[in-house]
Amino acid sequence: MSDDAPRRLLWVNHFAVAPDMGGGTRHIEIARELVRLGWQVTVAASDFHLHGRAYQRRRDASDRATISEMIDGVEMRWLWASPYTRNDLKRVGNWLSFSRSLLRDAAAGPRPDVVIGSTPHLFAALAAQRLARRARAPFVLEVRDLWPESLAVGGRGKGPGYAGLWALARFLYRVARRIIVLAQGAGDYLVRSGVPARKIVFVPNGVDVSAFAGEKSPPRDALRLVYAGAHGPANGLDLVLDAAALLRDEPGVSWLLVGDGPSKAALLERAGREGLTSVQFADPVSKAAMPALLRECDAGLMILKELPLFSFGVSPNKLFDYWGASLPVVCNVAGEVARWVDSAGGGVQAADGSAAAIAAAVRELLARTPVERSALGDRGREYVVREHDRPFLASRVDATLRDVMQRRP
């Protein structure tokens with residue numbers, strides 16, 4: 001293949017979303033930049049939304065046809081996956097049905113030159129690897145969630161399926177030409193587990209800086225803290241309600257929780273029961289609407305439940321969105337995320353993951369002048385412009401893919 005010939009990339013992520021949906025838009029934004037670098041990119045995903053638990057492009061589950069959509073030069077192929085409402089066996093069925101749809105759909109499409117398979121779960125990545133083998137194309141693994149280690153996030157132990165997932169993950173690590181990790185700590189963990197260091201490529205999450213180009217709100221005395229993301233057990237939003245209770249006598253502090261997920265109903269009920277009037281809830285917003293929402297706030301909440309995995313294995317989209325909007329952050333996540341906050345100088349790091357530490361960090365931010373708080377947000381934005389803008393991250397992906405296409409296995 002000549003250097004000028006278009007290269008066809010198939011990027012598989014079950015939970016990739018379009019800009020008009022809620023959630024992280026990493027894949028469509030990096031893919032858009034790859035198109036500008038000469039790639040033909042197809043992103044294969046399901047339109048059954050991870051948090052909203054509803055179809056975004058088809059009428060209902062009876063419509064199983066693949067839906068193709070062009071967004072900024074990127075082909076999004078929306079594949080059918082079975083619906084579910086709770087995190088039970090039907091959720092596993094959703095994973096498996098997506099993988100079957102992928103294998104069927106790809107058989108009719110053009111041969112990719114390289115395939116990336118992401119791991120919000122392992123079955124989609126395995127299907128992507130099978131497609132790469134069928135097409136005799138290099139396979140690249142993108143480790144978004146570590147499996148089976150992520151089972152601990154949901155409070156599950158090492159049950160019967162743990163060993164099987166462990167073996168599947170190790171198989172994918174072995175056959176992948178390269179392994180893209182979103183957190184450097186995840187790469188270090190894989191190397192300690194026996195994965196060759198030469199395979200690891202660090203491409204963290206980031207932000208489309210140009211989407212946050214609007215004029216920022218002027219500094220003000222009030223402190224409205226926003227959390228924009230999933231409302232699940234691992235997100236630690238009970239800690240936010242605990243911190244709000246500790247700060248209920250601070251009239252200038254208010255909290256806005258934007259998003260959806262399995263914990264939201266219980267959070268709403270608790271906030272009402274305890275009279276936490278400073279806490280407001282809002283429905284999810286699309287990524288396209290996120291800049292305007294964040295401009296109405298004064299600081300971002302980078303909150304997670306305190307778990308060992310989160311100290312090295314996460315790269316939260318919301319952190320970079322906050323900084324893209326020039327918001328300072330209050331962060332309770334230890335390890336790599338805390339080091340990003342320190343490197344950026346873009347917020348206040350809580351002493352630990354507890355509600356008391358979050359409340360203390362909010363008090364520390366509140367004690368600063370509005371201009372000082374605004375300066376923290378500006379430093380956060382400067383950091384993502386340097387290290388986490390989409391064109392910069394896409395250049396790493398581009399170099400990785402060109403390298404694996406030129407080298408022998």
Side-chain angles (χ1 to χ4, degrees), residues 8-35 39-52 55-57 66-72 74-81 91-92 94-106 109 112 114-132 137-147 150 168-169 172 176 178-183 186 201 203-206 208 229-230 287 313-317 390 393-394 396-397 400-401:
R8 289 187 293 272
L9 167 65
L10 173 62
W11 199 336
V12 177
N13 186 305
H14 185 163
F15 304 136
V17 298
D20 65 313
M21 302 175 183
T25 46
R26 168 188 175 90
H27 294 87
I28 185 64
E29 290 173 1
I30 292 181
R32 178 191 63 206
E33 298 303 324
L34 290 174
V35 168
W39 290 86
Q40 293 178 356
V41 185
T42 297
V43 176
S46 168
D47 67 315
F48 186 79
H49 197 269
L50 173 63
H51 303 302
Y55 292 105
Q56 303 292 302
R57 292 295 187 265
T66 296
I67 299 170
S68 179
E69 178 181 11
M70 294 299 296
I71 303 175
D72 293 336
V74 178
E75 182 188 23
M76 295 290 300
R77 291 190 71 79
W78 302 110
L79 308 181
W80 182 84
R91 184 184 185 194
V92 178
N94 173 268
W95 296 351
L96 295 174
S97 62
F98 173 80
S99 302
R100 289 193 297 269
S101 294
L102 175 68
L103 290 169
R104 286 195 299 268
D105 181 71
V114 62
V115 178
I116 302 177
S118 287
T119 65
H121 62 82
L122 294 176
F123 302 113
L126 177 63
Q129 186 272 332
R130 290 178 62 186
L131 290 178
F139 170 64
V140 175
L141 181 67
E142 182 187 44
V143 176
R144 295 185 57 78
D145 294 317
L146 287 164
W147 290 95
S150 292
L168 177 53
L172 292 170
R178 293 290 183 274
I179 300 172
I180 295 172
V181 296
L182 280 68
V201 180
V203 184
N205 271 326
D208 178 5
K287 182 53 73 80
V314 294
S315 179
N317 282 298
R390 292 303 192 199
L393 301 177
R396 290 191 186 180
V397 177
T400 298
L401 299 181

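Keep in mind it's a predicted model, so treat the numbers as computed, not measured. Both backbone and side-chain heavy atoms feed into the values below; hydrogens, waters and symmetry mates do not.
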E142 vs N13 side-chain heavy atoms within contact, under 4.5 Å: yes

message: If you count every heavy atom of other residues, nucleotides or ligands that lies below 6.0 Å from R130 atom CZ, does the total exceed 12?
response: no

- prompt: So do W39 and L401 actually touch side chain to side chain, heavy atoms under 4.5 Å?
  reply: yes

message: The test is side-chain hydrogen bond (donor to acceptor under 3.5 Å, both in side chains); show your working for N94 and H14 and say whether it passes.
response: CA-CA 10 Å; N94 173 268; H14 185 163; 3.2 Å; yes

message: Nearest 0.5 Å, please: how far is OG1 in T119 from CG in L172?
response: 8.5 Å

Separation of T42 OG1 from E75 CD (nearest 0.5 Å): 4.0 Å

- request: Go through the structure and list residues passing ring pair (Phe, Tyr, Trp, His ring centres under 6.0 Å) with F48, not counting sequence neighbours.
  value: Y55, Y84

query: Who passes side chain to side chain donor-acceptor pair (under 3.5 Å) against D105, sequence neighbours left out?
result: T66, R77

query: Taking only residues two or more places apart in sequence, or in another chain, which ones meet R178 in a salt bridge (charged side-chain N to carboxylate O under 4.0 Å, His left out)?
result: D403

- request: Report the distance from atom CG of L102 to atom OG of S46, rounding to the nearest 0.5 Å.
  value: 11.0 Å

- request: Report yes if some heavy atom in the side chain of S97 is under 4.5 Å from a heavy atom in the side chain of W80; otherwise report no.
  value: yes

message: Using side-chain heavy atoms (C-beta onward) and a distance below 4.5 Å, is V143 in contact with I180?
response: no

- prompt: Short question: side chain of N205, backbone of P316 - any donor-acceptor pair under 3.5 Å?
  reply: no

field: Set of residues satisfying side chain to side chain donor-acceptor pair (under 3.5 Å) with respect to T25, sequence neighbours excluded
entry: E29, K287

- prompt: Is the closest side-chain heavy-atom distance between L34 and L9 below 4.5 Å?
  reply: yes

message: Please find the pair of heavy atoms, one from L10 and one from P112, that lie closest to each other, and give the distance.
response: CB-CB, 4.0 Å

message: Quick check: closest heavy atoms across W147 and H121, and the distance to 0.1 Å?
response: NE1-CA, 3.7 Å

- prompt: Who pairs with W11 by ring pair (Phe, Tyr, Trp, His ring centres under 6.0 Å), at least two apart in sequence or on another chain?
  reply: H27

field: All side chain to side chain donor-acceptor pair (under 3.5 Å) counterparts of R144, not counting sequence neighbours
entry: none

